[in-house]
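Reviewing the structure listed below.
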Amino acid sequence: MTMETERLLKDTSLTKGLIFLLAISGGVSVANIYYNQALLATISKSFHETSQSIGLLPTFTQLGYALGLFFFVPLGDIKEKKKLIVSLLILVAISLLGLASAQSLVWIYIASLAVGLTSVVPQIIIPFAAELTIPEERGKVVGTIVSGLLVGILLARTVAGYVGELVGWRYMFVFASFLMCLLACILYFKLPNIKPTVNLTYKEVLRSIITISKKYSTLKEASIIAALMFGAFGVFWTTLTFLLEGSPYYMNSGQAGLFGLIGIIGALGAPLIGRLSDKSSPKLLVITCIIIGIFSYVCFYFLGMSIIGLVLGVILLDLGVQGAQVSNQTRIQALNPNEGSRLNTIYMVCNFGGGAIGSLLGSSAWSLFGWRGVCILGIGMTLMSLYTCLRFNKSYK
C-alpha cells in the first residue's frame, strides 16, 4: 500500500457513502451492455431481421467490452483513475446516441461494439476501491460494488423492457446516454484524486499483461472459470426473450424484463459472499457457487416450461455466477495491489469474452435445437468450470 493510499485511508476518503456511490456507478454504467438483451425481439421487428441476426447484438456488445477491458482498463495502473473514469463516461454517452440513431443492421452492430468498448468503467472502479481498502475488508467492499454491478445488469433488462414497450427501443439508449453524462458530472466532483504508482509507458503496460497472465496460477484458474460461468450466464439471458415471447408464455418485452427483478434476489447475495471470502476460503466458495450454477440449468431443463421453475432457475443462476465472480475477484485483487488494474483486465477479458461466446452459442443453440439445446449447453459450460476448479492446484486460496 502506497503512502498516498495510506493518507487517503486515514482521511476516510472511502466512506460508506462513497462505496455506495461506486456501487451505483458501476451498476448504472455496466447496464449499458445489457439493455439490448430485453429489446432483441423489438429490435428484430423494427429491422425485419431474424432472431439469429439480432441475437448477435449482445455478442458485439460484449466483444467490445472485452476489447475495452484490454485497451482501456490497464490505463488505471498508469493514469489518474478519476480522469479516466469521467472520460470513458463521456465516450459511452456518445456511443449510446449512435446506437439510438442506427438505421441499418451494420450500423447497429458497429454502435453496439462501441458501447461495449467504452462501458468498462466498472472494471476501473473495482481496483480503485480495492486500492483504498484495508485487506481485512477488501472482500466486503468488492462484494458491495459487484452487487451494484449485478443489480445494474439485471435491472437493465427490466427498465429496457418497459421503456421499449412504452416509447420504443431507441429512447432507451437516449435515456442511457443522459444517465452517463449525469454520472460523469457527479463522479468528477466526488471521487478522490489518486496519483498512479506504476511508472510505465502504455506500450510497456500492455506487454506486461502477458507476463502477469503467466505469473499467477490463481489468476489462470479464476479466468477460465469466469469465462465458462459468464458464458453460461450469457447463454440463458440471450435466449430468454425468445423463450418468453412464444409458447407457453407469450410475454411482451416489458413482461420479459421483469425477470431481471427476480435475478436481483440472487445478486443481493454478493456482499454476503464477499464477507465470507474475507473470513473463509474463497476457492471453496467458488466451488459451491459453481454447483449452484449447475443446479440452475438442471432446473431450467426439467422445469423451464413452468413459471415457478423458471423463476427458481433464475435465482440460482444469478447467485451461482455472481457469487463465483465475487470470490474470484477477491482472490485476484489480493495477489498484487500495484497490478490491480491489469489483473482485473486479464480476469474480465476472459469473463466477458466468455460471455460473448456464450451469447453467440446460445442464439445458435436456440435456432437449431430450441430450449432443450440451450439448457444442455449451459449444463456443459458449468460442468467444465467445475472440472477446471478441481483440476487446478488444490490450494484453497
Side-chain angles (χ1 to χ4, degrees), residues 18-38 58 60-76 79-100 111-130 141-142 144-160 163 172-191 230 237 260 264 267 270 322 325 329 341 344-345 347-349 351-352 355-356:
L18 183 54
I19 293 171
F20 181 73
L21 176 60
L22 291 174
I24 293 295
S25 301
V28 172
S29 51
V30 80
N32 294 325
I33 63 175
Y34 292 98
Y35 291 132
N36 58 23
Q37 290 187 0
F60 274 97
T61 307
Q62 292 184 31
L63 179 61
Y65 198 81
L67 291 172
L69 287 167
F70 185 81
F71 289 108
F72 289 143
V73 174
L75 287 170
K79 299 293 183 182
E80 208 281 301
K81 289 183 176 68
K82 175 181 170 179
K83 292 180 181 177
L84 182 59
I85 289 170
V86 172
S87 298
L88 285 171
L89 288 172
I90 294 171
L91 288 175
V92 74
I94 296 171
S95 301
L96 286 163
L97 288 178
L99 182 55
S112 295
L113 186 73
V115 168
L117 186 70
T118 52
S119 291
V120 293
V121 168
Q123 306 314 323
I124 300 171
I125 286 175
I126 289 174
F128 176 84
V141 172
V142 170
T144 300
I145 294 173
V146 170
S147 181
L149 266 65
L150 309 182
V151 171
I153 289 171
L154 297 166
L155 276 181
R157 299 178 177 90
T158 303
V159 173
V163 173
M172 180 63 248
F173 296 112
V174 172
F175 175 63
S177 178
F178 168 76
L179 282 180
M180 293 302 99
C181 293
L182 179 62
L183 187 60
C185 293
I186 294 172
L187 294 184
Y188 178 80
F189 291 105
K190 291 293 184 180
L191 290 185
F230 207 67
W237 286 106
I264 289 176
Q322 311 308 343
Q325 186 177 85
Q329 284 189 299
S341 291
N344 204 42
T345 290
Y347 177 80
M348 296 308 296
V349 163
N351 185 73
F352 280 92

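Only a predicted model underlies this, so the values are computations on that prediction, with no experimental measurement involved.
Within 6.0 Å of CZ on F70 lie more than 12 heavy atoms contributed by other residues, nucleotides or ligands.
The closest side-chain heavy-atom distance from L88 to I124 is below 4.5 Å. Annotation: side chain of L96 is not in contact with side chain of V174 (no heavy-atom distance under 4.5 Å). Inter-residue side-chain proximity for V73 and M348 is flagged as unmet; no heavy-atom pair is nearer than 4.5 Å. Residues L18 and L191 form a side-chain contact, since some pair of their non-hydrogen atoms from C-beta on lies under 4.5 Å apart. Side-chain atoms of P58 and N36, non-hydrogen and from C-beta on, do get closer than 4.5 Å to each other. Taking 4.5 Å as the limit, some side-chain heavy atom of I125 sits within range of a side-chain heavy atom of I145.
Once rounded to the nearest 0.5 Å, the distance linking CG of L22 with CG of L187 reads 7.5 Å. Atom OH of Y188 is separated from atom CG of L183 by 15.0 Å, given to the nearest 0.5 angstrom. Atom NZ in K81 sits 7.5 Å away from atom CZ in F128 (nearest 0.5 Å). A distance of 12.0 Å separates CG in L75 from CD1 in I85, rounded to the nearest 0.5 Å. Atoms CG and CD, from L113 and Q62 in turn, are 12.0 Å apart once rounded to the nearest 0.5 Å. How far CD of Q325 is from CG of L149: 7.5 Å, rounded to the nearest 0.5 Å.
Q123 meets the side chain to side chain donor-acceptor pair (under 3.5 Å) test with Y65, N344; sequence neighbours excluded. Every residue two or more places apart in sequence or in another chain was checked for a side chain to side chain donor-acceptor pair (under 3.5 Å) with K82, and none qualifies. By the side chain to side chain donor-acceptor pair (under 3.5 Å) test, S341 is found to be paired with D77, residues two or more places apart in sequence or in another chain being considered. Shown here are the ring-ring contact (aromatic ring centres under 6.0 Å, His included) partners of F230, two or more places apart in sequence or in another chain: F233, F352. Shown here are the side chain to side chain contact (heavy atoms under 4.5 Å, CB included) partners of L117, two or more places apart in sequence or in another chain: L67, F72. Judged as a salt bridge (Lys or Arg N to Asp or Glu O under 4.0 Å), and not counting sequence neighbours, K79 has no contacts. In this structure, the side chain to side chain contact (heavy atoms under 4.5 Å, CB included) partners of A114, at least two apart in sequence or on a different chain, are S95.
The stretch residues 83-94 participates, sequence neighbours left out, in no side-chain hydrogen bond (donor to acceptor under 3.5 Å, both in side chains) pair at all.
When all heavy atoms are compared, the tightest approach of A156 to Y35 is O-CD2, 3.5 Å. Across all their heavy atoms, L84 and G76 have their closest contact at CD2-N, 3.7 Å.
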Could you pull out all donor-acceptor pairs under 3.5 Å where a side-chain atom in residues 23-34 meets a protein atom, sequence neighbours excluded?
from: S25; atom 1: OG; to: L21; atom 2: O; distance (Å): 2.7
from: S29; atom 1: OG; to: S25; atom 2: O; distance (Å): 2.6
from: S29; atom 1: OG; to: G26; atom 2: O; distance (Å): 3.3
from: N32; atom 1: ND2; to: S29; atom 2: O; distance (Å): 3.0

- Query: Please walk me through it: do I90 and M180 pass side-chain contact (heavy atoms from CB on, under 4.5 Å)?
  - Reply: CA-CA 7 Å; I90 294 171; M180 293 302 99; over 6 Å; no

- Item | Evaluation steps, side-chain contact (heavy atoms from CB on, under 4.5 Å), between M172 and V159 | CA-CA 8 Å; M172 180 63 248; V159 173; 4.0 Å; yes

